[in-house]
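Order of the sequence lines fixes the chain letters, A, B, ..., with proteins taken first and strands second; residue numbering starts at 1 for each chain.
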Amino acid sequence: MMKFATAALFALALATMPVAAQETRSFTDDDGRTVEIPAEPQRIASLHDLFFSVPLIELGVLPAGSHGRAAEDGSSFMRSSKMMTGVDFDTADIAFLGTGTEIDPETVAAIEPDLIILSTNQDPELFAHIAPTILLDFDRSDKFELYERLAEITGTQDRLALLEARYEQQIGQLRTLVDTGSTSVNVIAAVEGQIRSYRHFAALGRVLDDAGFAMPEAVEQVAYGQMSDHSPEMLPTMDADLVFVTYRAEMGETPQDAYDLLEATVPGYCAFLTACQNGRLIAIPRDETFVSSYGALGMLTYTLLALTTPPAGQ
Amino acid sequence: MNDIAASPAPSAPPLRAWSGVPLLIAVLGALFLLHIAVGAKSLPIGTVVDALTAFDPAEFDHVIVMNLRLPRAVIAVVVGACLSVAGALMQGVTRNPLADPGLLGLTAGASFAVVMATALFGLTSMALIPWIAAAGALAAALVVYFIARWVPGGATPLSLTLAGAAISAFLAACISIAHLLSEDTFMNLRVWLTGSLAGRDITVLVYTGPWLAIAMLLSLALARQVTVLAMGDEVAQGLGVRTTSLKLQILVAVVVLTAGSVALAGPLGFIGLVIPHVVRLYVGADYRWIVPYSALAGAAYLLAVDIVARIAIPPQEISTGIITAMVGAPLFVHLVRRRSR
């Protein structure tokens, strides 16, 4: 009985051991701050859904709490997460921490995190007294560099290597079957009276880049990994063999909404895009194309494979 | 503070005032032609003329002129004229040089109503947006007026300005809260909320145009009485003006002009504030001249600003509201300093 009581007390002591007693290591964040973080963080507060939470979930690390979005019905969700991972606030034990960049530190403290991950437009001083706080720059041109940083933080490099190997197989197949260098592809959206183009932006951008597709000259002027707004007068310069136009499926938009926006921005647009004339103006959901997700990379790779390989008889 | 609008320079002699009208019309016409001749894409002047005289919908350059530049120029003329006249009337009736649809809460009220209707309730009918904007502007105007009346001293120019600033700030906060509650929905309204002529739906003009025309005619018809009202209620009443009825008619005109403008282009600032002051420097205190001059000068000003917005950093375009604020703020400070000397 005495042995059992001692063992129980020992187990209890282990279970309630304070965070400070965890094994730690030094980590230099994107703001140049060197922070002592847990060697294997267990309760991460992720302050951006799309760029932090979704990659963490794909790496097999469920955050204890996450930033999210407010839906019109009052519920909250992590952008792109359910589509890519099946995980969201209503399907997993993840606390909703708030929307926007001004997350309430008290809400974060309530989930007792052992690590807080912020973006560089948030103030670490507000959170540093709660738990070790690091900043990651999600404005970086290659969103998948964030993936490497998150794998390093969570010690999941092995899992990342598997995801990367799978993707290499997928993209290799595309490169083998399609003459990508002589096929131009562009990604556009009509936004507030402008034509927005994306150069190697997020998941779709990475697939297009890795596959080696050509792009319109006007888009080559856009900085790598960035988007740029163009006057609607420049619509023909956005033309390519294959043009993707994006829409927000999570907001209830449909492909027709994307086409309608183009029509409202440039009446009769289809006559001035050879891609549209040839039936090569393709609407795809923006969330799947913008998320930092290896699941998205695979989906997009096969979408491109299907669209750029000739059908039977040709 | 009310002396600038109430006791400006003496009215210009009629000959001088009349002589400025053709000049202003010529400037407006030149800016209109320039607006449709230049843009992100460089077009030969012959192509522009061809597009105007022999439109071919299969030619993209013709589409640029007729479907992109021309509607935008028309909207710039209408919005510039309406906001300037609304500002002039407000400055006259409140005897407040700082009065304009933006500072007295009307623009914020119209914006708030449109944002709530479109973003939170999913309203997309172009026919309803002007009405919603008008309801928002009217509600904001009434709230500002009653707050100003409620405070000790009554509805003075100072209390109206302070109440307007408070209501504008309150409504801006409400828009921010709504933004937080539906962040992604508001992405589509981000540029509109800065005031923009890009991508505006010309069909809104079909619904707002008749009302704006009526409000503009009403403004011109009331201009003579506004001159009297600008001297003070007692003076106006002594001269036989029914001030309550007149103020009500002016309120209707200002609300319609503001709401129509917001529905067309979002909340564009400084136009209604600055243009009447510039006009007053030339034509003096007579609103029979201030109102039509404000309409012409406001239209020309917004055309010029929008040209800059479209060609400053090609191939991108800057939101027109950003340029109106960048130009309007220092211009207004200059005018205030000049008047105070």
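Remark: Met326(B) CE is loosely packed, at most 12 non-hydrogen atoms of other residues, nucleotides or ligands lying under 6.0 Å away. Few gaps surround CE on Met66(B); more than 12 heavy atoms of other groups in view lie less than 6.0 Å from it. No more than 12 heavy atoms of other residues, nucleotides or ligands lie within 6.0 Å of CZ in Phe170(B), so this atom counts as exposed by the packing criterion. For CD of Glu106(A), the number of neighbouring non-hydrogen atoms (other residues, nucleotides, ligands) closer than 6.0 Å is 12 at most.
Of the inter-residue distances, the one linking Thr265(A) atom OG1 with Asn67(B) atom CG reads 12.5 Å to the nearest 0.5 angstrom. Rounding to the nearest 0.5 Å gives a distance of 7.5 Å between CZ of Arg310(B) and OG of Ser231(A).
Judged by distance alone, the side chain of Glu233(A) and the main-chain N or O of Ala40(B) form a donor-acceptor pair under 3.5 Å.
Of the listed residues (Leu68(B), Leu43(B), Asp61(B), Val63(B)), the one with the most heavy-atom contacts under 4.5 Å to chain A is Leu68(B).
Contact record, Phe60(B) with Pro236(A): CE2-CD, 3.2 Å, taken as the closest heavy-atom pair.
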